[in-house]
Amino acid sequence: MPLYICATPIGNLEDITFRALRILKEVDIIAAEDTRHTKKLLDHYDIKTPATSYHKFNIKAKTAYLIDLLKAGKNIALVSDSGTPAISDPGCELVQASIEQGIQVVTIPGPSAVIAALSISGLPTDSFSFVGFLPKKPGKRRKALEGLQQAGGTAIIYESPFRLTKTLEAVVEVLGESVPVAVARELTKKFEEVIRGSAREVKEHFLVKAPKGEIVLLIDLEHAAQSGEM
Ligand code: SAM
(Lines give C-alpha, C1' and ligand atoms only; values in the text may rest on other atoms or scores of the structure.)
Protein backbone atom coordinates (compact mmCIF):
# COMPACT_ATOMS: atom_id res chain seq x y z
CA MET A 1 0.00 0.00 0.00
CA PRO A 2 2.73 2.57 -0.54
CA LEU A 3 2.10 5.97 -2.04
CA TYR A 4 4.69 6.57 -4.77
CA ILE A 5 5.59 10.20 -5.52
CA CYS A 6 6.61 9.78 -9.08
CA ALA A 7 8.55 12.36 -11.10
CA THR A 8 7.70 12.65 -14.81
CA PRO A 9 9.32 14.65 -17.64
CA ILE A 10 9.37 18.47 -17.74
CA GLY A 11 9.20 18.41 -21.53
CA ASN A 12 11.16 15.65 -23.21
CA LEU A 13 9.27 12.37 -22.81
CA GLU A 14 12.56 10.42 -22.69
CA ASP A 15 13.34 11.98 -19.30
CA ILE A 16 11.70 9.29 -17.19
CA THR A 17 13.41 6.58 -15.21
CA PHE A 18 13.05 2.82 -15.76
CA ARG A 19 11.80 2.59 -12.20
CA ALA A 20 9.11 5.26 -12.76
CA LEU A 21 7.83 3.37 -15.82
CA ARG A 22 7.73 0.09 -13.89
CA ILE A 23 5.91 1.68 -10.93
CA LEU A 24 3.39 3.41 -13.23
CA LYS A 25 2.70 0.02 -14.84
CA GLU A 26 2.46 -1.90 -11.56
CA VAL A 27 0.36 0.36 -9.31
CA ASP A 28 -3.41 -0.08 -9.01
CA ILE A 29 -4.15 3.54 -9.76
CA ILE A 30 -2.36 6.69 -10.91
CA ALA A 31 -3.46 9.96 -9.32
CA ALA A 32 -2.72 12.65 -11.91
CA GLU A 33 -2.98 16.45 -11.83
CA ASP A 34 -4.59 16.33 -15.29
CA THR A 35 -5.52 12.88 -16.51
CA ARG A 36 -5.68 13.99 -20.18
CA HIS A 37 -2.17 15.42 -19.98
CA THR A 38 -0.79 12.30 -18.27
CA LYS A 39 -2.53 10.06 -20.83
CA LYS A 40 -0.06 11.30 -23.47
CA LEU A 41 2.83 10.00 -21.34
CA LEU A 42 1.04 6.74 -20.52
CA ASP A 43 0.11 6.16 -24.17
CA HIS A 44 3.69 6.87 -25.24
CA TYR A 45 4.93 4.08 -22.95
CA ASP A 46 1.91 1.83 -23.48
CA ILE A 47 0.89 1.99 -19.82
CA LYS A 48 -2.73 0.94 -19.24
CA THR A 49 -3.06 1.70 -15.50
CA PRO A 50 -6.29 3.58 -14.69
CA ALA A 51 -5.87 7.23 -13.72
CA THR A 52 -7.92 9.52 -11.50
CA SER A 53 -7.61 13.28 -11.16
CA TYR A 54 -5.86 14.94 -8.23
CA HIS A 55 -5.69 18.71 -8.64
CA LYS A 56 -5.95 21.91 -6.61
CA PHE A 57 -9.75 22.08 -6.97
CA ASN A 58 -10.46 18.59 -5.58
CA ILE A 59 -7.54 18.16 -3.16
CA LYS A 60 -9.60 17.80 0.02
CA ALA A 61 -12.10 15.23 -1.21
CA LYS A 62 -9.55 13.35 -3.32
CA THR A 63 -6.99 13.18 -0.51
CA ALA A 64 -9.59 11.43 1.67
CA TYR A 65 -10.58 9.13 -1.21
CA LEU A 66 -6.97 8.16 -2.02
CA ILE A 67 -6.15 7.61 1.67
CA ASP A 68 -9.11 5.20 1.88
CA LEU A 69 -7.78 3.30 -1.15
CA LEU A 70 -4.27 3.15 0.32
CA LYS A 71 -5.66 1.89 3.62
CA ALA A 72 -7.60 -0.75 1.70
CA GLY A 73 -4.26 -2.02 0.38
CA LYS A 74 -4.10 -0.33 -3.05
CA ASN A 75 -0.81 0.96 -4.45
CA ILE A 76 -1.01 4.50 -5.80
CA ALA A 77 1.41 6.61 -7.85
CA LEU A 78 0.99 10.37 -7.76
CA VAL A 79 2.14 12.33 -10.82
CA SER A 80 1.75 15.96 -11.81
CA ASP A 81 1.69 17.58 -15.24
CA SER A 82 5.46 17.93 -15.18
CA GLY A 83 8.42 17.21 -12.98
CA THR A 84 8.16 16.24 -9.34
CA PRO A 85 4.75 16.24 -7.62
CA ALA A 86 4.45 18.49 -4.55
CA ILE A 87 7.03 20.91 -5.95
CA SER A 88 4.82 23.91 -6.87
CA ASP A 89 2.26 21.23 -7.73
CA PRO A 90 -0.37 19.23 -5.82
CA GLY A 91 1.01 16.51 -3.57
CA CYS A 92 2.04 17.93 -0.21
CA GLU A 93 -1.40 17.37 1.40
CA LEU A 94 -1.52 13.75 0.25
CA VAL A 95 2.01 13.09 1.51
CA GLN A 96 1.16 14.64 4.90
CA ALA A 97 -2.11 12.74 5.20
CA SER A 98 -0.34 9.48 4.30
CA ILE A 99 2.34 10.06 6.93
CA GLU A 100 -0.37 10.78 9.52
CA GLN A 101 -2.07 7.51 8.64
CA GLY A 102 1.15 5.50 8.84
CA ILE A 103 1.15 4.86 5.10
CA GLN A 104 4.58 4.41 3.54
CA VAL A 105 5.54 7.23 1.14
CA VAL A 106 8.15 6.31 -1.47
CA THR A 107 9.98 8.70 -3.77
CA ILE A 108 10.52 7.86 -7.43
CA PRO A 109 12.93 10.70 -8.16
CA GLY A 110 13.45 12.32 -11.52
CA PRO A 111 13.18 15.69 -13.24
CA SER A 112 12.32 18.94 -11.55
CA ALA A 113 12.72 22.29 -13.29
CA VAL A 114 14.31 23.83 -10.18
CA ILE A 115 17.34 21.50 -10.20
CA ALA A 116 17.54 21.27 -14.00
CA ALA A 117 17.72 25.06 -14.25
CA LEU A 118 20.20 25.49 -11.40
CA SER A 119 22.55 22.86 -12.79
CA ILE A 120 23.06 24.72 -16.08
CA SER A 121 22.60 28.30 -14.86
CA GLY A 122 26.30 28.95 -14.28
CA LEU A 123 25.34 30.58 -10.96
CA PRO A 124 26.62 29.24 -7.60
CA THR A 125 25.09 25.87 -6.73
CA ASP A 126 26.46 25.21 -3.24
CA SER A 127 23.63 27.08 -1.53
CA PHE A 128 20.25 27.99 -3.00
CA SER A 129 16.70 28.94 -2.03
CA PHE A 130 13.72 27.73 -4.02
CA VAL A 131 11.03 30.37 -3.94
CA GLY A 132 8.41 28.80 -6.22
CA PHE A 133 6.13 31.41 -7.85
CA LEU A 134 6.40 34.99 -6.57
CA PRO A 135 3.15 36.75 -5.59
CA LYS A 136 1.30 38.18 -8.62
CA LYS A 137 0.66 41.62 -7.12
CA PRO A 138 3.60 44.02 -7.82
CA GLY A 139 3.82 45.27 -4.21
CA LYS A 140 3.90 41.79 -2.73
CA ARG A 141 6.33 40.57 -5.41
CA ARG A 142 8.69 43.43 -4.52
CA LYS A 143 8.40 42.57 -0.82
CA ALA A 144 9.22 38.94 -1.58
CA LEU A 145 12.35 40.05 -3.48
CA GLU A 146 13.35 42.29 -0.56
CA GLY A 147 12.95 39.28 1.72
CA LEU A 148 15.40 37.32 -0.42
CA GLN A 149 18.21 39.78 0.18
CA GLN A 150 19.30 38.04 3.37
CA ALA A 151 19.08 34.52 1.96
CA GLY A 152 22.42 34.47 0.10
CA GLY A 153 23.25 31.75 -2.43
CA THR A 154 21.17 31.49 -5.59
CA ALA A 155 17.44 32.22 -5.55
CA ILE A 156 15.35 30.08 -7.90
CA ILE A 157 11.95 31.37 -8.98
CA TYR A 158 9.27 29.86 -11.22
CA GLU A 159 7.97 32.62 -13.46
CA SER A 160 5.31 33.15 -16.10
CA PRO A 161 6.44 34.55 -19.48
CA PHE A 162 3.80 37.28 -19.07
CA ARG A 163 5.38 38.59 -15.87
CA LEU A 164 9.09 37.96 -16.51
CA THR A 165 10.10 41.46 -17.67
CA LYS A 166 8.13 43.10 -14.83
CA THR A 167 9.85 40.78 -12.35
CA LEU A 168 13.27 41.56 -13.86
CA GLU A 169 12.44 45.27 -13.52
CA ALA A 170 11.67 44.68 -9.84
CA VAL A 171 14.94 42.71 -9.47
CA VAL A 172 16.84 45.72 -10.88
CA GLU A 173 15.06 48.08 -8.47
CA VAL A 174 15.38 45.91 -5.36
CA LEU A 175 18.68 44.04 -5.87
CA GLY A 176 20.53 46.36 -8.26
CA GLU A 177 21.06 46.38 -12.03
CA SER A 178 24.32 44.42 -11.97
CA VAL A 179 23.10 41.43 -9.97
CA PRO A 180 23.91 38.30 -12.05
CA VAL A 181 20.82 36.41 -13.21
CA ALA A 182 19.96 33.54 -15.53
CA VAL A 183 16.68 32.78 -17.26
CA ALA A 184 16.28 29.09 -18.15
CA ARG A 185 13.50 28.61 -20.70
CA GLU A 186 11.81 25.56 -22.20
CA LEU A 187 14.25 23.12 -20.60
CA THR A 188 14.53 19.73 -22.33
CA LYS A 189 12.36 21.00 -25.21
CA LYS A 190 13.13 22.12 -28.77
CA PHE A 191 13.69 25.78 -27.88
CA GLU A 192 15.65 25.25 -24.66
CA GLU A 193 17.86 28.22 -23.85
CA VAL A 194 19.54 29.96 -20.94
CA ILE A 195 20.03 33.73 -21.07
CA ARG A 196 22.71 34.86 -18.62
CA GLY A 197 23.92 38.32 -17.67
CA SER A 198 23.25 41.20 -15.32
CA ALA A 199 19.63 41.82 -14.35
CA ARG A 200 19.63 44.90 -16.59
CA GLU A 201 21.08 43.06 -19.60
CA VAL A 202 18.67 40.15 -19.29
CA LYS A 203 15.71 42.49 -18.79
CA GLU A 204 16.70 44.40 -21.95
CA HIS A 205 17.06 41.13 -23.88
CA PHE A 206 13.49 40.14 -23.04
CA LEU A 207 12.12 43.63 -23.69
CA VAL A 208 13.36 43.22 -27.27
CA LYS A 209 12.48 39.51 -27.59
CA ALA A 210 9.29 38.75 -25.66
CA PRO A 211 9.71 35.63 -23.51
CA LYS A 212 7.67 32.54 -24.32
CA GLY A 213 7.15 29.12 -22.77
CA GLU A 214 8.10 27.80 -19.36
CA ILE A 215 10.60 29.82 -17.38
CA VAL A 216 12.86 29.60 -14.35
CA LEU A 217 14.52 32.79 -13.13
CA LEU A 218 17.70 32.46 -11.06
CA ILE A 219 19.36 35.28 -9.12
CA ASP A 220 22.90 35.21 -7.73
CA LEU A 221 22.33 36.81 -4.34
CA GLU A 222 25.93 36.14 -3.27
CA HIS A 223 27.39 38.39 -5.93
CA ALA A 224 24.61 40.95 -5.57
CA ALA A 225 25.81 41.44 -2.01
CA GLN A 226 29.45 41.75 -3.15
CA SER A 227 28.58 44.39 -5.77
CA GLY A 228 27.45 46.54 -2.84
CA GLU A 229 24.06 47.27 -4.36
CA MET A 230 22.01 45.51 -1.72
N1 SAM B 1 6.52 20.16 -10.36
C2 SAM B 1 7.26 20.91 -11.35
C3 SAM B 1 8.75 20.66 -11.12
O4 SAM B 1 9.12 19.73 -10.40
O5 SAM B 1 9.55 21.41 -11.70
C6 SAM B 1 6.90 22.37 -11.37
C7 SAM B 1 5.46 22.64 -11.68
S8 SAM B 1 5.05 24.34 -11.74
C9 SAM B 1 3.30 24.30 -11.78
C10 SAM B 1 5.41 24.76 -13.40
C11 SAM B 1 6.55 25.78 -13.50
O12 SAM B 1 7.80 25.08 -13.45
C13 SAM B 1 6.57 26.53 -14.83
O14 SAM B 1 5.72 27.66 -14.79
C15 SAM B 1 8.03 26.92 -14.93
O16 SAM B 1 8.31 28.02 -14.10
C17 SAM B 1 8.71 25.66 -14.35
N18 SAM B 1 8.97 24.70 -15.43
C19 SAM B 1 8.35 23.52 -15.63
N20 SAM B 1 8.85 22.91 -16.73
C21 SAM B 1 9.80 23.73 -17.22
C22 SAM B 1 10.68 23.68 -18.35
N23 SAM B 1 10.66 22.65 -19.20
N24 SAM B 1 11.54 24.69 -18.53
C25 SAM B 1 11.58 25.74 -17.69
N26 SAM B 1 10.76 25.86 -16.62
C27 SAM B 1 9.89 24.88 -16.38
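We count ligands from 1, going down the list as the structure has it; atoms in each ligand are counted the same way. Side-chain atoms are counted along with the backbone in the values below, which use heavy atoms only and exclude waters and symmetry mates.
- Each of the atoms 23 (N) of ligand 1 lies under 4.0 Å from some heavy atom of Lys189.
- Residue contacts with ligand 1 for Ile215 involve N, CA, C or O but no side-chain atom from C-beta outward (heavy atoms, distance under 4.0 Å).
- The heavy atom nearest to atom 14 (O) of ligand 1, considering only Phe130, Phe133, Tyr158, is found in Phe133.
- What sits closest to atom 18 (N) of ligand 1 on the protein, heavy atoms only, is Ala113 CB, 3.4 Å.
- Close contacts between ligand 1 and Glu214 involve ligand atoms 13 (C), 19 (C), 20 (N), 21 (C), 22 (C), 24 (N), 25 (C), 26 (N), 27 (C) [criterion: under 4.0 Å to a heavy atom].
- Protein heavy atom in closest approach to atom 4 (O) of ligand 1: Ser112 OG, 2.7 Å.
- Within 6.0 Å of NZ in Lys189 there are more than 12 heavy atoms belonging to other residues, nucleotides or ligands.
- Near Glu159, the atoms of ligand 1 lying under 4.0 angstrom from a non-hydrogen atom of the residue are 16 (O).
- Residue contact annotation: Val216 has a non-hydrogen atom under 4.0 Å from ligand 1.
- For the pair Pro180 and Glu222, the minimum side-chain heavy-atom distance is 4.5 Å or more.
- Annotation: Ile87 places an N or O atom under 3.5 Å from an N or O atom of ligand 1; distance criterion only.
- Distances shorter than 4.0 angstrom occur between a heavy atom of Ser82 and an atom of ligand 1.
- Counting only distance, with no hydrogens or angles, the side chain of Thr154 and the backbone of Pro124 share a donor-acceptor pair below 3.5 Å.
- In this structure, Asn75 contributes its side chain and Met1 its backbone to a donor-acceptor pair below 3.5 Å.
- Applying the 6.0 Å contact sphere to OH of Tyr45 captures more than 12 heavy atoms from other residues, nucleotides or ligands.
- Within ligand 1, counting atoms from 1 as listed, the ones closer than 4.0 Å to a heavy atom of Gly83 are 3 (C), 4 (O).
- Not one N or O of Pro111 is nearer than 3.5 Å to an N or O of ligand 1, by distance alone.
- The two residues Leu13 and Ile16 make their nearest non-hydrogen contact at O-CG2, 3.7 Å.
- For ligand 1, the polar-atom distance check against Ser88 finds no nitrogen or oxygen pair separated by under 3.5 Å.
- Annotation: Phe162, atom CZ; neighbour count of heavy atoms from other residues, nucleotides and ligands within 6.0 Å does not exceed 12.
- Asp89 OD2, 3.3 Å is the protein heavy atom nearest to atom 7 (C) of ligand 1.
- At most 12 heavy atoms of other shown residues, nucleotides or ligands fall within 6.0 angstrom of atom NZ in Lys74.
- Numbered from 1 in the order shown, with element, the atoms of ligand 1 that lie under 4.0 Å from a heavy atom of Thr84 read 1 (N), 3 (C), 4 (O).
- In terms of polar-atom proximity, defined here as any N/O pair under 3.5 Å, Leu187 does make such a contact with ligand 1.
- In this structure, Glu26 pairs ionically with Arg22, as a charged nitrogen and a carboxylate oxygen lie closer than 4.0 Å.
- Nearest approach of Tyr54 to Glu93, heavy atoms of both residues: OH-CB, 4.0 Å.
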